[in-house]
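Input: a single structure, listed below in structure tokens.
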Amino acid sequence: MKTVTVLTHGRPDELDVALAALRIAAEKAGVTVQVSPEEIGEHGKGLAERLDLNDPLKDDVELCFAFGGDGTILRALRRYAGTNVPVFGVNFGEVGFLATIEPSEVSHGFDAAFAGDFDVLSLPAISFRTEKNVFAAINDISIHRRPGQRVAELAYVVDGVTVGSIRCDGLVAATPVGSTGYNLANGGPLLAWGVEGFVVTFIAPHSLTARPLVVAPGDTLEIVNRSRGEVDIAVDGRPAGETLHPGQSIFAHWVAEAGHLAQPQGSTFYARVRERFGRLAV
């Protein structure tokens, strides 16, 4: 490994110890760390001879370190989607379900990273197109009624068949990786990493019969706004800056192997669920 890069959560003052450990590990391994000044600000100056502070994010790196929570790791995964660059997450967030290591593990974790001693998990995405843009979500896409406005009415259609149409606060379509987030909080099922397909769940449905549905990877999911007003679109928990007008739809598709996540050797989805959320049953 010769060159890596770093993305952070925007609070570099919390990263001093981790950045110092990265400096030591990089110098020992002879690795150059390319990072833009916007990512770590003044904290990177003088850290290492092999730290290049003047380079924007590039595709020709061999590893991307993401210092932050799941949002930062997702940003890194989206940035390097479609490349073979794995993302190595260091958890500076609340849950850190996607993180590779904890801050207390950086001293030996970075050595292992530079030596290539980690597994790489290929992650799918959900892709959809609006009139203006094309989006790819590693975790989920969600449709929300606007604050202060009346309840929305949303429908989802699979292969031309309307499966559900409910008055609700919104709808979320999640990949297996994203099934542990907004989908889980709304009563949707956990999908183990490696399952092919995505789950659709209504948010606060005004119904006793609304149920989640797992959509097969080859099927097209259409989400229809049947509300009287506009609804907002979010990608991986962030506003997409796009809306659905009454009667408009988006069409979502499964994309295999969109991103690559570095994981400790031997790590499993089930152990991670237990560590982050506790046992499912006692």
Side-chain angles (χ1 to χ4, degrees), residues 74 77-78 81-82 123-147 149-191 193-259:
L74 287 168
L77 287 167
R78 287 194 304 272
L123 303 180
I126 302 174
S127 174
F128 69 97
R129 181 188 300 271
T130 65
E131 293 180 351
K132 299 178 182 178
N133 296 294
V134 177
F135 296 92
I138 299 292
N139 244 19
D140 54 42
I141 59 176
S142 53
I143 313 296
H144 305 263
R145 73 179 180 93
R146 292 183 167 180
Q149 292 191 1
R150 65 177 62 197
V151 67
E153 182 171 351
L154 302 174
Y156 65 91
V157 181
V158 181
D159 282 352
V161 178
T162 301
V163 180
S165 181
I166 300 290
R167 289 169 58 82
C168 57
D169 281 356
L171 179 150
V172 57
T175 66
V177 169
S179 70
T180 59
Y182 207 178
N183 163 73
L184 180 64
N186 284 286
L190 289 177
L191 301 183
W193 293 0
V195 169
E196 293 190 350
F198 47 96
V199 60
V200 184
T201 308
F202 285 107
I203 302 168
H206 291 220
S207 169
L208 295 176
T209 59
R211 293 290 185 269
L213 175 72
V214 178
V215 178
D219 292 339
T220 297
L221 171 70
E222 179 186 3
I223 302 172
V224 187
N225 180 17
R226 292 184 173 175
S227 313
R228 294 183 181 180
E230 296 177 344
V231 291
D232 293 325
I233 304 173
V235 174
D236 288 340
R238 303 285 184 180
E242 299 269 4
T243 60
L244 274 183
H245 298 281
Q248 280 190 322
S249 301
I250 57 172
F251 295 84
H253 306 272
W254 169 272
V255 180
E257 298 187 1

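Since this is a predicted model, take the numbers as computed values, not measurements.
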Before giving the answer on side chain to side chain contact (heavy atoms under 4.5 Å, CB included), spell out for Ile250 and Phe135 the whole-Å C-alpha distance, their side-chain angles and the decisive distance to 0.1 Å. CA-CA 11 Å; Ile250 57 172; Phe135 296 92; over 6 Å; no
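Within the structure, salt bridge (Lys or Arg N to Asp or Glu O under 4.0 Å) pairs that include any residue of residues 157-179 comprise Arg145-Asp169 (at least two apart or interchain). Pairs passing the salt bridge (Lys or Arg N to Asp or Glu O under 4.0 Å) check and including a residue from residues 195-206, sequence neighbours excluded, do not occur.
For Val134, the side-chain contact (heavy atoms from CB on, under 4.5 Å) partners at least two apart in sequence or on another chain are Ser127, Arg129. The side chain to side chain donor-acceptor pair (under 3.5 Å) check on Thr162 picks up nothing, with sequence neighbours excluded. By the side-chain contact (heavy atoms from CB on, under 4.5 Å) test, Gln248 is found to be paired with Glu131, Leu244, His245, residues two or more places apart in sequence or in another chain being considered. Not a single salt bridge (Lys or Arg N to Asp or Glu O under 4.0 Å) links Arg211 to another residue, sequence neighbours left out. Residues passing the side chain to side chain donor-acceptor pair (under 3.5 Å) test with Arg238: none are found, sequence neighbours excluded. With sequence neighbours left out, the side-chain contact (heavy atoms from CB on, under 4.5 Å) criterion links Pro239 to no other residue. In terms of the salt bridge (Lys or Arg N to Asp or Glu O under 4.0 Å) criterion, Glu242 has no residue partners (sequence neighbours excluded). Residues that satisfy the side chain to side chain donor-acceptor pair (under 3.5 Å) test with His206, not counting sequence neighbours, are absent from this structure. Under the salt bridge (Lys or Arg N to Asp or Glu O under 4.0 Å) criterion, Arg78 pairs with Asp236, not counting sequence neighbours.
Closest of all the heavy-atom pairs between Ile141 and Ala252 is CD1-CB, 4.1 Å. Ser227 and Pro246 make their closest contact through O-CB, 3.3 Å (heavy atoms, listed as atom of the first residue, atom of the second, distance). The minimum heavy-atom distance between Ala125 and Ala258, with the atom names listed, is CB-CB, 3.6 Å. Phe202 and Ser165 get closest at one heavy-atom pair: CZ-N, 4.3 Å.
Inter-residue side-chain proximity for Leu154 and Tyr156 is flagged as unmet; no heavy-atom pair is nearer than 4.5 Å. Within the 4.5 Å cutoff, the side chain of Val224 has heavy atoms near those of the Val157 side chain. In this structure, the side chains of Phe128 and Ile233 come closer than 4.5 Å at one or more pairs of heavy atoms.
From Phe198, atom CZ reaches atom CG of Asp140 across 12.5 Å, with rounding to the nearest 0.5 Å.
Heavy-atom contacts from other residues, nucleotides or ligands closer than 6.0 Å to CD of Gln149 number more than 12.
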Which atom pairs, donor and acceptor, lie under 3.5 Å between side-chain atoms of residues 170-188 and protein residues at least two apart or in another chain?
from, atom 1, to, atom 2, distance (Å)
Thr175, OG1, Ile138, O, 2.6
Thr175, OG1, Asn139, O, 3.3
Thr175, OG1, Val177, N, 3.4
Thr175, OG1, Gly178, N, 3.1
Ser179, OG, Pro176, O, 2.7
Ser179, OG, Leu191, N, 3.0
Ser179, OG, Leu191, O, 3.4
Thr180, OG1, Val177, O, 3.2
Asn183, OD1, Thr201, OG1, 2.6
Asn183, ND2, Ser179, O, 3.0
Asn183, ND2, Pro189, O, 2.9
Asn186, ND2, Tyr182, O, 2.8

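Applying the side chain to side chain contact (heavy atoms under 4.5 Å, CB included) test between Leu213 and each of Leu221, Val199, Val163 identifies Val163 as the sole match.
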